[in-house]
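Quick notes on the structure that follows.
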Amino acid sequence: MPKDLFLPHSKPDKFCEVCNTMSTDLYADVILPLPLGDQFTYRVPPEFQASIKVGIRVIVQFGARKFFSALVYRLHTNMPVGSFDIKDIDAVLDQEPIVTQAQLILWEWLVDYYCCTLGEVYKAALPSALKLESQTKISFNPHYDMPVDLSGEEEALLLMLQGHGQANIQDINRFIGKRSAFSTLKILLEKNAILVEEKVEENYRPKTAPFIFLHANVLTESAIAQTLESLKKARKQLTLFEFFLSETLYHAEPKASMEKKELLERSQSGEGILRALIDKNILRTEEIEIGRLDFSHDQEPVIFDLNEAQEVALEQIGQQLRGLKPVLLHGITSSGKTEIYIKLIEEQLAKGNQVLYLVPEIGLTTQLITRMKRAFGDRAGIYHSKFNDAERVEIWFNTLHDKEQSFQLVLGARSAVFLPFRKLGLIIVDEEHENSYKQFDPAPRYHARDVAVVLGQIHHAPVILGTATPSFESYFNAKTGKYALVELTERYKNISLPEMVIADVREATRRKQMKSLLTPELFEQINTALANDEQVILFQNRRGFAPYLQCATCGWIPKCRHCDVSLTYHKHRGAMICHYCGHTESLSGKCGECHSEEIRTRGFGTEKIEEELSLLFPEAKVARMDLDTTRAKKGYERLIYQFENKQIDILVGTQMVTKGLDFDNVSVVGILNADQLLNYPDFRSYERSFQLITQVSGRAGRKNKQGRVVVQTTQPKHPVLHEVVANNFTQLFNRQMAERKLFKYPPYFRLVKIVIKHKNQERLNLAASQLATLLRKNFGFNILGPEYPVISRIQNWFQKEIWVKLERDSKLGQSKKQIMGAVSQIKSMPNHGNLIIHADVDPM
DNA sequence: AGCACGCCGACT
DNA sequence: GTCGGCGTGCTC
């Protein structure tokens, strides 16, 4: 983008016939936080022409009544052509850009690559407190005499408004208790009884705290002396006042004020004593803005020493990074990748550069945060979705502005790629194979790892992708020279890799050796571990008690009434719950079909395992870690803490237990049902099985002692399991690559998944087949579907999918344009109004 | 995405 | 006769 777009244009001047002067018309193309394709052009009125810049927010009216905070994308003097009135910009919100030029370049890339709009990216990128939207405010018209011809509802509403002063639409809907109070409001508006206005409210409020200052009366030496004299009889007040002076005026570095809380605490005075001094006009209080960000750190920064293998890897990375290719760091579990990162980060921070450290959503554990805080103290900040909005705004500005106290290292989940970095020196993507880097819904459906690579290119910052189990895409890129590859094959601190055992569930069942859900192998291992005071982690990728219930007489299975899935039985809550929409039904105990009372549980989830274990090992403390036990705010941290402190002997969990946790007393890891992973109907299921089993196995092993992993399966001869046992990633990769090539799957081909949804099944079928036909004209055999996905209905929306396979070296941009063209053609056909169609590029 | 406008069925 | 359901089109 040319540089002059930053500046208001001074040409071409033209003569204004109205005001008889030379005038300059300046226009701004703005991005609205809406999923609309094009930008909208507004006129920049003269009073804003000097201050407007690309990347600042402005308030504009959009449509008949709504106001939005839009982002200035382009400034120019070309009057837009068209038969519409150009509206003026109403207000300018920022003095300096809050979105950088580099970010806009990234946004444009996202729009092209992920087939979305700038509005959608704008929405995803900015903390919501920075995206204002007007709210309709309704108030009582004070110049209105209460008439007689009002209905009961109208009168009640008016009285409410009179009492409250102002209300928004949601309040009124709640008050009236109907779905829409719009008709009542319309009548009242016609009768001139109410006033309606649109207000844009700033959501972000800086946090303030009371600070204590010297009162204006006491600013001279003599006044202070006099005051001290006058306080002789009030000894507590004198103590407080003297303390205040010693901390501010008489301090080595004098300050004007002191925070009230700190003053009271450190002088050990009470509220009342301070109050007295304020009443006497000796001190005064004032609200001062303070930040919400935590700059505290407990310990002095510690930097570790690396072992030989790590030093070699660090050296290799250093060499490779100079080539500005992304580096894939393939290091087996516990090989000490984090220490290498710390060294690399340290180097960048010393240069005054910023570092982005991406972790999967779930990987933002207290363990990692503690480690980074210990290494980098208050230079490290955290950004993820659990942060409240005010904090996110502050991190945004902290990243953007070079302040006295600012974070140089940002640890963040996927949305951290959108932060406004000034001077990015390095990007680390940890656990790059993790699926949670991909955003499903809403658009932009981006993969943070891939966005990070592009972000690195824009900033000329090196990118490191680290993992023990590379995604096939990344490994392929490394093998074909798009990425550089660095491998670490030794475990840190000489912890040996765990011994892997494959336990045959079918054989054990036949011999009647199963102890509940455990094979004799796993049962023995757990017993031994408990006897040695060691801990156990069990993995089952399914929460709840039983995935479904079934009538033993007729085979009936309870299903969700809104979705096409069976209800999962949650024993603890005594309910059957849909894991797709949350629909909950209480347990009737009777078959919905034949009314038989013989209802059986089928399969097992974490809850059932927890219960069975408590019966099998009554002495052991068993805990469960899944979505249900970690939903509460500190639930996850509490479990980790308890496990670390050995208050838990056996931890049962879903995927959560596989992520980046390091415990040093776990000797046994059990995978309860590997079949479920292997048989998952997806072309990536073997890749994922390998990743999950390897990752969870990595939790086993202690210093000087080999850990054990038991994998329970009915397919003990399955090749993937043997590759896991041998830790033979390469063999699995090569075998799978041949298949991927043959069936035109990634990484040889790129996939675009098109999802079509409609509440009406016939209309969905029609639209989907029309779209597929249209796409086949361009892509022929590379179109799959339309087909129902595994779950064909979610929350009463039926859905179908069409898959497009694009050749890797084909003109991607052009193909995507063709796809989106076909989509909009289908959408604009009559009767296709309530269709939802979206494209998911590189779906997971 | 919202929201207004416009056209057809089930109600006072 | 009207209320309100949804299908359609537009927003600088």
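Naming: A, B, ... by sequence-line order, numbering from 1 per chain. This is a predicted model, so every value here is computed, not measured. Just so it is clear, the values below take in all heavy atoms, side chains as well, and ignore hydrogens, waters and symmetry mates.
Partners of A/Asp94 under the salt bridge (charged side-chain N to carboxylate O under 4.0 Å, His left out) rule, at least two apart in sequence or in another chain, are A/Arg57. With sequence neighbours excluded, the residues that form a side-chain contact (heavy atoms from CB on, under 4.5 Å) with A/Leu766 are A/Gln770, A/His832. In this structure A/Lys131 satisfies the salt bridge (charged side-chain N to carboxylate O under 4.0 Å, His left out) test with no other residue, sequence neighbours excluded. When the side-chain contact (heavy atoms from CB on, under 4.5 Å) test is applied to A/Gln818, the partners found at least two apart in sequence or on another chain are A/Asn778, A/Phe779, A/Gln814. Under the ring-ring contact (aromatic ring centres under 6.0 Å, His included) criterion, A/Trp797 pairs with no residue at all, not counting sequence neighbours.
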Listing time: all N or O pairs from protein to nucleotides 6-12 of chain C that are below 3.5 Å?
| from | atom 1 | to | atom 2 | distance (Å) |
| --- | --- | --- | --- | --- |
| C/dG7 | OP2 | A/Asn834 | ND2 | 2.5 |
| C/dT8 | OP1 | A/Asn831 | N | 3.3 |
| C/dT8 | OP2 | A/Asn831 | N | 3.2 |
| C/dT11 | O3' | A/Gly63 | N | 3.1 |
| C/dC12 | OP1 | A/Tyr42 | OH | 3.4 |
| C/dC12 | OP1 | A/Gly63 | N | 3.3 |
| C/dC12 | OP2 | A/Lys87 | NZ | 2.2 |
| C/dC12 | O3' | A/Thr41 | O | 2.8 |
| C/dC12 | O3' | A/Lys87 | N | 2.9 |
| C/dC12 | O2 | A/Thr41 | N | 3.0 |

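Counting to the nearest Å, the C1' atom of B/dA1 and the CG atom of A/Leu835 are 16 Å from each other. If you take NZ of A/Lys131 and C1' of B/dA1, they are 14 Å apart, rounded to a whole angstrom.
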